[in-house]
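Since we're looking at a predicted model, the values are computed, not measured. Throughout, numbering of the chain's residues begins at 1 and tracks the sequence.
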Amino acid sequence: MSLKNKAVLISIRPEWCDLIVRGKKTIEVRKTRPKLETPFKVYIYCTKIPDWLRTVSHEWQRLDRKVIGEFICDKIWELAPLNRSPDDIEQQACMDRDAIVRYLRCKGWAWNISDLKIYDQPKSLSGFSRHDFRGMNGTDVCGNESCEHYQPSGSYMLPPTCAINGCCLSKPPQSWCYVAEAKEDDAL
């Protein structure tokens, strides 16, 4: 998968997700940044908390441990003693300067959140892949012959295998990871 087909899946604690959903937090502070040119797509994975719920059409819906939305990261600023980040970085990140310094300890990055879309139906983590997973005939068997990890079985009676034991994500990243960017019409 080339870098142009990559997006980022980012793990965010529910209290920060809540601020992002409400439009109060427009910058995400991180210790590292992707090696992608801006703009790029970022999927928001809400980490675990007991019963973080919302009501949709008069029904309760769990939001934790799901991909709840996406945004476009159109700018990234370096956060270091001598940087050119916006003057109101603390307000946009919903953190005071001391909290940012304690978290980063040295140098870090401010990811700008733009074009935020919150999904009506949160998506399962298993719908995202690191290497452009393509299920064969609605199965969990990857049929992406162009993937470097694809291993044909040698028999039309046996399914192919994957050199990395599957491309679909089964656990969230500690901070963030690259994923294949979903097409607009993908059901995920």
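Here the CH2-CD distance, from W16 to E28, works out to 8.0 Å after rounding to the nearest 0.5 Å. Here the OH-CD1 distance, from Y119 to I68, works out to 10.0 Å after rounding to the nearest 0.5 Å. With rounding to the nearest 0.5 angstrom, the SG atom of C73 is 11.5 Å from the CD atom of E37. Distance CD1/I44 to CD1/I20: 5.0 Å, rounded to 0.5 Å. F71 contributes atom CZ, which lies 6.5 Å from atom CH2 of W111 (distance to the nearest 0.5 angstrom). Note that CG of L79 is 8.5 Å distant from CH2 of W109, once rounded to the nearest 0.5 Å.
Here the shortest heavy-atom pairing between K66 and P122 reads CB-CB, 3.6 Å. When all heavy atoms of P173 and S11 are compared, the closest pair comes out as O-OG, 2.6 Å. Across L36 and V8, no two heavy atoms sit closer than the pair CD1-CG2, 3.9 Å. When all heavy atoms are compared, the tightest approach of V21 to L116 is CA-CD2, 4.4 Å. Nearest heavy atoms, Y43 versus E70: CE2-OE1, 3.7 Å. The two atoms that bring I72 and K41 nearest to each other are CD1-CA, 4.1 Å, heavy atoms only.
For T26, the side-chain contact (heavy atoms from CB on, under 4.5 Å) partners two or more places apart in sequence, or in a different chain, are Q92. Every side-chain contact (heavy atoms from CB on, under 4.5 Å) that S175 has, sequence neighbours left out, goes to R30. Not counting sequence neighbours, the partners of W176 by the side-chain hydrogen bond (donor to acceptor under 3.5 Å, both in side chains) test are T32.
Using a 4.5 Å heavy-atom threshold, the side chains of E181 and F40 count as separate. Using a 4.5 Å heavy-atom threshold, the side chains of P172 and T47 count as separate. Using a 4.5 Å heavy-atom cutoff, the side chains of N112 and W77 are in contact.
Under the 4.5 Å side-chain heavy-atom criterion for Ile, Leu, Val, Met, Phe, Trp and Tyr, I10 and L19 are members of the same hydrophobic cluster.
Using a distance-only test at 3.5 Å, with no hydrogens or angles considered, a donor-acceptor pair links the side chain of K25 to the main chain of A93. Checking side-chain atoms of T38 against main-chain N and O of K75 turns up no donor-acceptor pair under 3.5 Å. With Y178 contributing its side chain and P34 its backbone, the two residues share no donor-acceptor pair below 3.5 Å.
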I would like to know whether I113 and V42 meet side-chain contact (heavy atoms from CB on, under 4.5 Å); could you show each step before the answer? CA-CA 9 Å; I113 298 170; V42 180; over 6 Å; no
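Atom NZ of K31 sits in a crowded spot, with more than 12 heavy atoms from other residues, nucleotides or ligands closer than 6.0 Å.
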Just distance, no hydrogens or angles: give the donor-acceptor pairs under 3.5 Å from side chains in residues 97-105, sequence neighbours left out.
unit_1: R97; atom_1: NE; unit_2: E90; atom_2: OE2; d: 2.9
unit_1: R97; atom_1: NH2; unit_2: E90; atom_2: OE2; d: 2.7

